[in-house]
Amino acid sequence: MKMNNWYKLICNKYDLQLVGTLNGGQSFRWKKYMEDDNEQWIGVFNKRVWILQQHENEILYKVFESNERKNIYKENEDFNKVYNDMLIDYFQLQLNLGEHYKQWSASDPIFAKAAKQFYGIRILKQDVTENIFSFICSSNNNISRITSMVNKIADFYGEKICEIDGQTYYSFPDVDVLSHDDVEAKLRENGFGYRAKYINESAKLIMNQGGQTWLESLKKMEYVDAKASLMTLMGIGAKVADCICLMSLGHLGALPVDTHVYQIAMKFYMPHLSKKKTVTNKIYNEIGDHFRELYGPLAGWAHTILFCADLKKFQEET
DNA sequence: CGGAAGCCTTGTAA
DNA sequence: ATTACAAGGCTTC
């Protein structure tokens with residue numbers, strides 16, 4: 001195995017907290033492990049494998065990419081800059097998070113309390129395709145199985161990037177690969193259950209509307225229109241659509257209401273909901289609107305911090 | 001039309 | 001060994 005360099009990105013840990021951001025249920029492709037007494041994260045985005053280390057004032061990292069991909073670079077490429085820019089984009093570091101934390105804390109004491117421990121939580125700007133199919137897998141499912149399903153999709157249909165310590169890493173495939181007729185059967189054989197059909201059908205629906213071009217167009221739409229468009233796909237309801245809007249389309253006001261968020265809303269913010277049986281569409285929107293009014297246009301980002309605080313209490317292991 | 005309930009796969013914890 | 005249920009969605013009534 002080649003000895004890749006360590007690169008450096010200047011970034012305070014209060015501006016980006018890796019554990020909360022990478023382990024908070026946004027992406028299912030990051031894994032934490034120990035290396036020489038350092039906590040390291042390994043994961044895939046942008047068709048590259050990344051190893052990240054959090055330090056007080058910087059992120060140290062390595063990048064691995066396939067040999068074919070290396071041809072895209074110039075003779076004297078400044079890799080540290082190229083890769084830094086990718087990380088800045090992925091973690092949305094151009095956004096001044098501290099200012100927003102201040103504002104959200106001022107409008108909500110419950111947030112202020114959660115923010116003390118859950119500082120530096122960022123919304124990742126994820127690949128739309130990976131995000132869509134990951135969250136189709138997430139419905140009525142648990143994190144460990146979702147993780148294994150997402151990794152299976154990459155293993156089966158993605159392109160090999162590299163091998164590290166005997167483990168082969170693959171990129172997440174493009175939509176057209178998932179639209180082929182044999183995909184549903186293959187996924188079903190591999191324990192995807194009824195979601196195998198959702199994945200294959202949604203991939204076909206996306207391709208019929210223009211594939212990647214259509215996906216990109218969702219970013220330019222208004223939030224409500226992008227959400228409605230996503231909900232025409234199979235296996236995507238309001239909650240999953242909001243996850244996608246928030247995590248890969250740049251619609252930061254999108255606020256996914258899952259069972260946890262519903263519990264939080266009921267308990268601390270909207271007690272009148274406690275007599276309700278189910279989360280109807282009306283209640284769903286009511287909760288979203290409540291938080292959008294409370295936190296403003298980046299409400300989805302703010303809510304993610306509350307979500308992390310709640311998730312944390314039954315996720316101590318790993 | 002809005003709301004409630006049953007069903008859908010699989011793995012795992014109790 | 002059985003049962004409940006987990007980051008929901010779809011269909012039916």
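Note on naming: letters A, B, ... go to the chains in the order of the sequence lines (proteins, then strands), and numbering restarts at 1 for each one.
Separating the CZ atom of Arg188(A) from the P atom of dC8(B) is a distance of 11 Å, rounded to the nearest angstrom. Distance NZ (Lys282(A)) to C1' (dC1(B)): 13 Å, rounded to an integer number of Å. With rounding to whole Å, Asn131(A) atom CG is found 12 Å from dA7(C) atom C1'. Remark: C1' of dA7(C) and OH of Tyr198(A) are 15 Å apart, rounded to the nearest angstrom. Nucleotide dA13(B) holds its P atom 14 Å from the CG atom of Asn141(A), rounded to whole Å. Here the P atom of nucleotide dT9(B) and the CD atom of Glu189(A) are 15 Å apart, to the nearest Å. The nearest whole Å value for the distance from the CE atom in Met149(A) to the P atom in dT10(B) is 10 Å. Put simply, CG on Leu230(A) is 17 Å from C1' on dC10(C), counting in whole angstrom units.
The gap from the P atom of dG3(B) to that of dA7(C) amounts to 24 Å, rounded to the nearest Å. When the P atom is used for both dA1(C) and dT9(B), the distance is 25 Å, rounded to whole Å. Rounded to whole Å, the separation between the P atoms of dA5(B) and dC5(C) comes to 15 Å. Across the P atoms, dG6(B) and dA4(C) are found 14 Å apart, a figure rounded to whole Å.
If you check dG9(C), dC8(B), dA7(C) against the side chain of Tyr194(A), the one that comes closest is dC8(B). Set against dA4(B), dA7(C), dT9(B), the side chain of Asn140(A) has dT9(B) as its closest nucleotide. Out of dC10(C), dG11(B), dG3(B), the shortest distance to the side chain of Arg145(A) is found at dG11(B).
Here Leu233(A) lies in heavy-atom contact (under 4.0 Å) with sugar-phosphate atoms only. Within the nucleic acid shown, Asp258(A) comes within 4.0 Å of sugar-phosphate atoms alone, with no base atom in reach, counting heavy atoms only. In this structure, Arg195(A) reaches the bases: a heavy-atom distance under 4.0 Å links it to at least one base atom across the strands shown. At the heavy-atom level, Ile146(A) lies nowhere under 4.0 Å from the strands shown. Among the protein residues, Tyr262(A) comes within range of no part of the nucleic acid, since none of its heavy atoms lies under 4.0 Å from any strand. If you check every strand for non-hydrogen atoms under 4.0 Å, Phe135(A) touches a base.
Within 3.5 Å, no donor on the side chain of Asn142(A) pairs with an acceptor on the base of dT12(B), nor the reverse.
Checking side-chain atoms of Gln54(A) against main-chain N and O of Trp41(A) turns up no donor-acceptor pair under 3.5 Å. The backbone N or O of Val63(A) sits less than 3.5 Å from a side-chain atom of Asn4(A), completing a donor-acceptor pair.
With ring centers used as reference points, Trp301(A) lies 6.0 Å or more from Tyr295(A).
Annotation: cation-pi geometry not satisfied between Lys152(A) and Phe192(A) (NZ/CZ under 6.0 angstrom from ring centroid, within 45° of ring axis).
Between Leu9(A) and Leu93(A) the shortest side-chain heavy-atom distance falls below 4.5 Å. By the 4.5 Å heavy-atom criterion applied to side chains, Tyr61(A) and Tyr83(A) are counted as neighbours.
Base orientation of dA4(B): anti (glycosidic angle beyond 90° from 0).
For the pair Thr280(A) and dG2(B), the criterion of a side-chain N or O lying under 4.0 Å from OP1 or OP2 is not met.
With both pairing distances under 3.5 Å, dT10(B) is matched to dA6(C) as a Watson-Crick or G-U wobble pair.
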